[in-house]
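Read the structure below first, then the notes.
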Amino acid sequence: MRVLVTGGAGFIGSHIVTALQTRGHVPVLLDALLPAAHPDTPPLPDAEFLHADVRDADAVRAALRGVDAVCHQAAMVGLGKDFADAPEYVGCNDLGTAVLLAGMAAAGVRELVLAGSMVVYGEGRYTCARHETVRPGPRRADDLTAGRFEPRCPDCGAELVPGLVGEGAPTDPRSVYATTKLTQEHLAASWARCVDGRAVSLRYHNVYGPGMPRDTPYAGVASFFRSSLARGEAPQVYEDGGQRRDFIHVADVAAANAVALEAVGGLSPGALTAFNTGSGDPHTVGEMATALAAAYGGPAPVVTGEFRLGDVRHITADSARLRRELGWRPGVGFSEGMTEFARAGQRASAGSVS
């Protein structure tokens, strides 16, 4: 199968290219190499490469020639710096997706795997002893300032117990980035209905691993901590470190993409199917920082009590559907993955110091 991988030179995209090649497929890379992600030209996989922006309709048209399916990874990620980033997020993520899908419609390419995200859910699943399953609203700045980080039941104010989120949970994006990721899914679903196409959204949880960018606001918490350790500094843990996340190794995410690309043709046409993509082994942010610092041999994490309003408290996935329907299984455990990540190289990013 010949697969166009947008963002194929990026952190996750480059691992997907390798996974596809290992399984006998022919990847074609399209990447703009934007300075925010690539201040220098990164090592490129041994594959056909087009240096172009996914928002360039002519470049997309050329890239789609002879392609059987598309793996769409190109996007701005992370919470960014502040709301001034919003136009760039919308342009890269949503306009870029619209241009790509229009090109696919014209070229007759009918199979898509999209890099989705768990951020579309907002807060995770919670249960209240009195009101059963509840959905707390956004956390208030005054609560966070006072160190009250845990969401409370919106009906009675009681403490809540966090649980796993299934794909059928309502979406509730709480940042610009999250909003653009949900919009990507809506665009892909609309495309699938219009052209009788088949689309999969792999809703990634917290991806980490070798080749993660360093010293950038457009990255995940694992990258922040690893960058601090590389500078000889203690990881700075926000809130009280009790935030629950599902940290999944990039090799497992790449394998999930390869499996989804091989299976998408057998899914129902005219629709988008979402799959949570997580390890199934949740840990707190504090636990992750401690494991990474210990494996690196650096200073112990410092819990700061600081917070970001766009962050959610707990979000962990139920990935049973991906395992059950597509036969995917994660292969890298938490301890093994953190030990490897502590010793692995990171790629340069804008503002990083070599």
Side-chain angles (χ1 to χ4, degrees), residues 2-17 20 26-81 84-109 111-117 176-188 190-191 197 199 201 204 211-213 216-219 257 261 347-352:
R2 184 175 169 88
V3 181
L4 175 63
V5 183
T6 69
F11 165 49
I12 297 175
S14 60
H15 284 272
I16 291 171
V17 168
L20 290 173
V26 179
V28 178
L29 285 64
L30 185 147
D31 201 302
L33 300 180
L34 295 176
H38 304 285
D40 302 308
T41 301
L44 297 174
D46 184 16
E48 184 178 343
F49 174 68
L50 293 84
H51 184 188
D53 196 306
V54 73
R55 292 169 287 188
D56 182 337
D58 291 336
V60 167
R61 189 179 305 113
L64 286 168
R65 293 193 187 108
V67 161
D68 301 301
V70 173
C71 184
H72 184 32
Q73 305 295 312
M76 281 184 69
V77 300
L79 286 180
K81 298 175 182 176
D85 287 328
E88 194 69 12
Y89 271 103
V90 173
C92 286
N93 297 359
D94 297 337
L95 176 59
T97 299
V99 171
L100 174 66
L101 293 171
M104 291 174 65
V109 180
E111 296 179 2
L112 169 73
V113 173
L114 171 69
S117 176
V176 171
Y177 170 62
T179 302
T180 66
K181 295 306 291 183
L182 183 58
T183 300
Q184 284 185 314
E185 289 194 358
H186 288 322
L187 288 167
S190 179
W191 163 84
S201 177
Y204 302 160
M212 234 183 157
T216 171
Y218 305 101
N257 275 272
L261 283 161
R347 62 173 62 201
S349 60
S352 65

Mind listing the closest non-hydrogen atom pair of [X] and [Y] along with its distance?
X    : Y    : value
G116 : S201 : CA-OG, 3.4 Å
W191 : M104 : CZ2-CE, 3.6 Å
L30  : V54  : CD2-N, 3.9 Å

Is it the case that the side chain of [X] and the backbone of [Y] share a donor-acceptor pair, with hydrogens and angles ignored and the cut-off at 3.5 Å?
X    : Y    : answer
H51  : A32  : yes
Y89  : V77  : yes
K181 : A115 : yes
T97  : N93  : yes

Verdict with supporting geometry, V176 and D85, side chain to side chain contact (heavy atoms under 4.5 Å, CB included): CA-CA 8 Å; V176 171; D85 287 328; over 6 Å; no

Within a 6.0 Å radius of atom CZ on R65, are there more than 12 heavy atoms belonging to other residues, nucleotides or ligands? no

If you apply the rule side chain to side chain contact (heavy atoms under 4.5 Å, CB included), what do you find for D94 with T179, and how did you get there? CA-CA 10 Å; D94 297 337; T179 302; 6.0 Å; no

Please examine the side chains of [Y] and [X], heavy atoms only from C-beta on, and report whether any two atoms are closer than 4.5 Å.
X    : Y    : result
L101 : S190 : no
F49  : L33  : yes
V70  : L64  : yes

D46 side, atom CG; L29 side, atom CG - distance, nearest 0.5 Å: 10.5 Å

Distance (rounded to the nearest 0.5 Å) between T180 OG1 and L187 CG: 10.5 Å

Only distances under 3.5 Å count here; give the side-chain donor-acceptor pairs of residues 4-14 to other protein atoms, sequence neighbours excluded, each with its distance to 0.1 Å.
residue	atom	partner	partner atom	Å
T6	OG1	H72	ND1	2.7
T6	OG1	Q73	N	3.0
T6	OG1	A74	N	3.2
S14	OG	G10	O	2.8
S14	OG	F11	O	3.1

Chi angles and distances behind the side chain to side chain contact (heavy atoms under 4.5 Å, CB included) call for V3, D68: CA-CA 6 Å; V3 181; D68 301 301; 6.0 Å; no

Only one of L261, V28, L112, L114 passes side chain to side chain contact (heavy atoms under 4.5 Å, CB included) with C71, and that residue is L261

